[in-house]
J.: 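One structure, pasted below without further comment.
Ligands are counted one by one from 1 in listed order, and the atoms in each one are counted from 1 as well. Everything numeric here is computed off the predicted structure, so don't read it as measured data.
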Amino acid sequence: MKMDGKTVLVTGSTDGVGRYVAAKLAAAGARVLIHGRDRERAGTLADEIKRQGHSEPIFYQADLSSLAAARQLAETVLAEHKRLDVFISNAGIGSRTLGTERRTSADGHELRFAVNYLSGFLLAHLLLPLLKASAPSRIVNVASLGQHPLDFDDVMLTKGYTGTRAYAQSKLAQIMFTVDLARELEGSGVTVNALHPATYMNTTMVREGGITPISTVEQGGDAILHLATGDDVAGKSGLFFNGMQQSQANPQAYDEAARKRLRALSLELTGLSA
Ligand SMILES: NC(=O)c1ccc[n+]([C@@H]2O[C@H](COP(=O)([O-])OP(=O)(O)OC[C@H]3O[C@@H](n4cnc5c(N)ncnc54)[C@H](OP(=O)(O)O)[C@@H]3O)[C@@H](O)[C@H]2O)c1
């Protein structure tokens with residue numbers, strides 16, 4: 001896909017793999033909407049992009065542990081842009097971000113489920129009219145190979161919480177949403193795919209988890225860019241990729257009844273069903 005004149009939103013682009021992806025897209029000529037919580041980190045990235053002679057990215061500050069903030073982010077993007085060609089839902093927290101204890105979001109939901117999945121679900125739905133108007137357009141959900149089936153009797157993990165399980169169920173929820181949304185978007189010109197970018201890239205999330213990185217940000221970032229811009233994936237939708245390769249996700253992603261339950265729960269929690 002030629003990126004000249006295209007508008008791309010990359011959540012979680014003030015750090016890690018999102019930062020790399022945003023810089024590459026700006027270098028390819030896209031108007032890049034960067035996002036994160038930290039204005040200073042965003043400023044450093046914007047300066048770097050400008051110094052290299054590319055258009056200055058536009059920064060949107062929003063804490064995605066609050067659904068109101070996610071909604072506000074979508075509303076601002078809708079108000080300020082006439083098109084959105086690619087939405088990369090990348091912001092996320094790791095299994096040990098902010099410690100090993102169970103935490104909740106501003107809305108009282110389990111924190112990893114809220115930040116990694118629910119906010120992206122809400123953003124994608126609110127941005128859909130603009131994505132449809134800009135078709136052919138793409139949504140890329142940055143998920144993981146770390147996947148754990150959701151227990152619909154305790155999605156908020158009030159019992160037996162571990163950060164690893166919380167992270168992995170949030171990542172599978174993203175993939176289930178991808179499969180589900182692709183069906184809904186058939187014929188609209190908007191595609192949606194999910195991926196595991198790379199294993200243990202050298203990012204803040206991995207380092208703060210006490211894990212020794214084994215992949216580079218470039219490896220994972222190039223896999224994200226492949227789904228966001230690659231000609232070979234144009235028209236492909238509802239798929240899960242492991243890096244550059246199409247792959248299979250946890251069986252729950254292909255369980256229609258489970259996806260239906262997740263969809264109903266997500267619509268209710270985000271207020272979209274109202
Ligand atoms: N690293 C890996 O090996 C790996 C493997 C598989 C999948 N992934 C996925 O790749 C994505 C990016 O991860 P990364 O490794 O690049 O992580 P990272 O370096 O820790 O960056 C995370 C990004 O998300 C943003 N973010 C975190 N919490 C947020 C919140 N509450 N509200 C808004 N923004 C928030 C951060 O913004 P601030 O600057 O405001 O903190 C930052 O820009 C994640 O979805 C992750 O699950 C990573």
J.: Is it true that His125 and Phe177 have ring centroids separated by less than 6.0 Å?
T.: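 Yes, they do, as the ring centres are separated by less than 6.0 Å.
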
J.: Geometry only, no angles: is Lys171 polar-contacting ligand 1 at N/O separations under 3.5 Å?
T.: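 Between Lys171 and ligand 1, an N or O pair is found under 3.5 Å apart.
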
J.: Just going by heavy-atom distances, which of Ala62, Gly92, Gly120 is nearest to atom 27 (C) of ligand 1?
T.: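 The option holding the nearest heavy atom is Gly92.
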
J.: To which of Asp15, Thr14, Val142, Ile34 does the heavy atom nearest atom 9 (C) of ligand 1 belong?
T.: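 Closest candidate by heavy-atom distance is Val142.
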
J.: Indicate whether the side chain of Thr14 and that of Asp38 have a donor and an acceptor atom separated by less than 3.5 Å.
T.: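 No.
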
J.: Any idea which part of Met201 is under 4.0 Å from ligand 1, heavy-atom wise: side chain, backbone, both or neither?
T.: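 The answer is both, backbone and side chain.
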
J.: Determine whether the side chain, the backbone, both or neither of Val206 has a heavy atom under 4.0 Å from any heavy atom of ligand 1.
T.: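 Looking at Val206 and ligand 1, just side chain atoms fall under 4.0 Å.
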
J.: Can you find an N or O of Gly18 that's nearer than 3.5 Å to an N or O of ligand 1?
T.: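 No, there is no polar N/O contact under 3.5 Å.
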
J.: Does only the side chain of His196 get under 4.0 Å from ligand 1, or the backbone, or both, or neither? Count heavy atoms.
T.: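 The answer is the side chain.
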
J.: Do any nitrogen or oxygen atoms of Gly36 come within less than 3.5 Å of a nitrogen or oxygen of ligand 1?
T.: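 Among all N and O atoms of Gly36, none is under 3.5 Å from an N or O of ligand 1.
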
J.: Quick one: nearest non-hydrogen protein atom to atom 44 (C) of ligand 1, plus distance?
T.: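 Minimum-distance protein heavy atom for atom 44 (C) of ligand 1 reads Asn90 O, 3.2 Å.
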
J.: How does Ser13 reach ligand 1, if at all, at less than 4.0 Å between non-hydrogen atoms: by side chain, backbone, both, or neither?
T.: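 Looking at Ser13 and ligand 1, just backbone atoms fall under 4.0 Å.
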
J.: Is the shortest heavy-atom distance from the side chain of Tyr117 to the side chain of Leu172 under 4.5 Å?
T.: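 They are not in contact (no side-chain heavy atoms under 4.5 Å apart), so the answer is no.
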
J.: Relative to atom 5 (C) of ligand 1, which among Pro197, Ser215, Ala198, Ser144 owns the nearest non-hydrogen atom?
T.: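 Answer by nearest heavy atom: Ala198.
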
J.: In this structure, which one of Leu131, Asp85, Leu127 forms a side-chain contact (heavy atoms from CB on, under 4.5 Å) with Leu9?
T.: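 Between Leu9 and the candidates, side-chain contact (heavy atoms from CB on, under 4.5 Å) is satisfied uniquely by Leu127.
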
J.: For ligand 1 and Val115, I'd like to know whether there is a polar contact (N/O to N/O, distance under 3.5 Å).
T.: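 Between Val115 and ligand 1, no N or O pair is found under 3.5 Å apart.
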
J.: Does any N or O of ligand 1 fall below 3.5 Å from an N or O anywhere on Ile93, backbone included?
T.: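 No: no nitrogen or oxygen of Ile93 is under 3.5 Å from one in ligand 1.
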
J.: I would like to know whether Tyr167 and Thr97 meet side chain to side chain donor-acceptor pair (under 3.5 Å); could you show each step before the answer?
T.: CA-CA 10 Å; Tyr167 177 79; Thr97 305; over 6 Å; no

J.: If we ignore angles and hydrogens, is there a donor and acceptor under 3.5 Å between the side chains of Asp232 and His226?
T.: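 Present: a donor and an acceptor within the cut-off.
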
